[in-house]
Protein chains: 2
Amino acid sequence: MKTTTPYHHGDLRNALLQAGERLLRQDGPAELSLRKVAREAGVSHTAPYRHFRNKRALLSALAQAGFERLADATLEVENKYPDDPRRQLLEGGVAYVRLAVRYPETTQLMFGGVLEIREEDTELHEAGHRAFEGLLKIVSNGQREGLYRDRDTMELALAAWSLVHGLAMLVTAGQLKDTVTSNKEITRMVTSLGELLQNGMLK
Amino acid sequence: MKTTTPYHHGDLRNALLQAGERLLRQDGPAELSLRKVAREAGVSHTAPYRHFRNKRALLSALAQAGFERLADATLEVENKYPDDPRRQLLEGGVAYVRLAVRYPETTQLMFGGVLEIREEDTELHEAGHRAFEGLLKIVSNGQREGLYRDRDTMELALAAWSLVHGLAMLVTAGQLKDTVTSNKEITRMVTSLGELLQNGMLK
DNA sequence: ACCTGAACACCGTTCAAGT
DNA sequence: ACCTGAACACCGTTCAAGT
């Protein structure tokens, strides 16, 4: 059952993060308890305090991992379609929602208000910043090619981000269960909404 | 300090909801405790169970109030601009984000994953449904006038909802503190993003 | 009907102590 | 350095009891 892995070797921090991810998936962000995480990792309930100042710090590290996945995905998409900023934005959106659907509890942790994001969590903040900068780059790639109407980069980026983020949050909150169900349908929906934002809803 | 209001008269339920709203604003959705709510209302910590099956039921009622505010706002906007569905959609979006900014903790409770939305909470579900139907009506008003491109009503509505919802969630999560600050700026931003969705980002 | 106090199992955090 | 067990103040929920 419980292999006596030598956590004393310094990988307890990682073991705790892994256990945290597992419990986050299982119980959701509101139910996750530090004591359960410790139990799952096979240590006493005070051991985590050697590696995290408090429960908040553990949650913050889990959220950070989520932001890093987001930043990586953005970079990847940019590299995959080097001369097609329109495709970059569309595929970036798809990746964003896919990640949210794959890690709904982490998404809720990142954006849902369970964990208050503070300036002091520099690493968390930086990971988030990196993801946003990837998006800004993709938008300014498009601007350089004269793709978009004459607008502030920030505003164009925020439009794309809001659209995709809104869909992601609605899906993870289970608000769209009647409308959008399968994974395939979600991808189709992001693509379709992306097209609407690019060409407009009006006739 | 504590006026001996006769809660025995049947308004304890309301007093608890009020105390809940107050503590929700003060401490955020994650920190709200049933015992604190009871204390704030001046009753023993077991008294709430006379009116709510459990803590979840209280939170659900608070979220429901939020959905009702949303549904009301949507209806109001529709009546205010009876023959201008384009304006209805734009002002509806502004109202949506305004409500989110005004009640950030309630918004997080409604959509953030602290409270798992279940089918069984029929009243909560209905309030949410009513809000969404208001949006659908506004979109189909526009379709009747031939305003929009030929698309599924649901898809057009979801595009508008996602855009506005995403912005609202980003603002309430404090993710846009560097970019969008004042209340006035938020209104300007919604309007601007709404225009982008209507006419498209592309040249 | 409406409310209480004791009780239980849980939680986050601190601290003195052990290797 | 790294981990533990006892302790404290809190929590959600149940239950017998009081008016």
Side-chain angles (χ1 to χ4, degrees), chain A residues 2-24 26-63 105 109 113-116 118 120-121, chain B residues 2-24 26-63 105 109 113-116 118 120-121:
Chain A
K2 194 181 297 167
T3 55
T4 341
T5 24
Y7 290 136
H8 327 276
H9 290 200
D11 60 348
L12 176 56
R13 197 192 132 91
N14 257 300
L16 289 169
L17 285 175
Q18 249 179 266
E21 286 258 16
R22 212 157 42 230
L23 286 173
L24 186 61
Q26 204 184 93
D27 303 343
E31 299 306 315
L32 188 138
S33 94
L34 202 50
R35 283 168 105 113
K36 267 193 231 156
V37 171
R39 224 175 294 146
E40 180 94 357
V43 293
S44 84
H45 66 269
T46 59
Y49 287 91
R50 288 295 121 200
H51 300 274
F52 299 97
R53 200 151 39 93
N54 48 31
K55 183 184 177 181
R56 227 196 136 272
L58 210 196
L59 292 180
S60 170
L62 292 176
E105 302 85 5
L109 190 61
V114 187
L115 174 70
E116 194 199 349
R118 296 204 202 139
E120 306 126 59
D121 299 80
Chain B
K2 193 180 299 166
T3 54
T4 341
T5 24
Y7 290 136
H8 328 277
H9 289 199
D11 59 350
L12 176 56
R13 197 194 132 91
N14 258 301
L16 290 169
L17 284 176
Q18 249 178 266
E21 287 256 17
R22 211 156 43 231
L23 286 174
L24 185 61
Q26 204 184 92
D27 303 343
E31 301 306 314
L32 187 139
S33 95
L34 202 51
R35 283 168 105 113
K36 268 193 232 158
V37 171
R39 225 174 294 146
E40 180 93 359
V43 293
S44 83
H45 65 269
T46 59
Y49 287 91
R50 287 295 121 201
H51 300 274
F52 299 97
R53 200 150 39 93
N54 48 30
K55 183 184 178 183
R56 227 197 135 271
L58 211 194
L59 291 180
S60 170
L62 292 176
E105 302 85 5
L109 190 60
V114 187
L115 174 72
E116 196 200 347
R118 297 204 202 140
E120 304 126 59
D121 300 79

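Reckoned from all heavy atoms, side chains included, excluding hydrogens, waters and symmetry mates. Chain A is the first sequence line, chain B the second, and so forth, proteins listed ahead of strands; every chain is numbered from 1. These numbers were taken from a predicted model, which means no experiment stands behind them.
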Residue pair B:Q26, B:L23: steps toward the side chain to side chain contact (heavy atoms under 4.5 Å, CB included) verdict: CA-CA 5 Å; B:Q26 204 184 92; B:L23 286 174; 4.1 Å; yes
Mind calculating the distance between [atom1] ([X]) and [atom2] ([N]) to the nearest angstrom?
X: B:R56; N: D:dT13; atom1: CZ; atom2: C1'; result: 16 Å
X: B:L58; N: D:dG12; atom1: CG; atom2: P; result: 10 Å
X: A:N14; N: D:dC2; atom1: CG; atom2: C1'; result: 16 Å
X: A:L12; N: D:dC3; atom1: CG; atom2: C1'; result: 9 Å
X: B:K36; N: D:dG12; atom1: NZ; atom2: C1'; result: 14 Å
X: B:F52; N: C:dC2; atom1: CZ; atom2: C1'; result: 15 Å
X: B:Y49; N: C:dA6; atom1: OH; atom2: P; result: 18 Å
X: A:L16; N: D:dC3; atom1: CG; atom2: C1'; result: 12 Å

Candidates D:dC3, C:dT4, D:dT13 - which lies nearest the side chain of B:N54: D:dT13
Euclidean distance, B:E105 CD relative to B:L32 CG, rounded to 0.5 Å: 10.5 Å
Base of D:dT13 paired with side chain of B:R35 (donor-acceptor, under 3.5 Å):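 Looking at the base of D:dT13, it does pair with a donor or acceptor on the side chain of B:R35 (distance under 3.5 Å).
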Toward the 5' end of DNA chain C, by each residue's nearest nucleotide, A:R50 or A:S33: A:S33
Working for side chain to side chain contact (heavy atoms under 4.5 Å, CB included), residues B:E21 and B:L62: CA-CA 7 Å; B:E21 287 256 17; B:L62 292 176; 3.8 Å; yes
Counter-base of C:dC10, judged by Watson-Crick or G-U geometry with both distances under 3.5 Å: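 Its partner is none (no Watson-Crick or G-U wobble pair with both distances under 3.5 Å).
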Pairing partner of C:dG18 (Watson-Crick or G-U wobble, both distances under 3.5 Å):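 When the pairing criteria are applied, D:dC2 turns out to be the nucleotide that pairs with C:dG18.
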Sugar-phosphate, base or nothing in reach of A:T46, heavy atoms under 4.0 Å: base
Minimum heavy-atom distance between A:R118 and A:R56, given as atom pair plus value: CG-NH2, 3.6 Å
Minimum heavy-atom distance A:V37-A:L16, with the two atoms named: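 Smallest interatomic distance, heavy atoms only, reads CG1-O, 3.6 Å.
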Any A:H51 side-chain nitrogen or oxygen under 4.0 Å from OP1 or OP2 of D:dC3: yes
side-chain N/O B:R39 vs D:dC11 OP1/OP2, d < 4.0 Å: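 True: B:R39 side-chain N/O within range (under 4.0 Å) of D:dC11 OP1/OP2.
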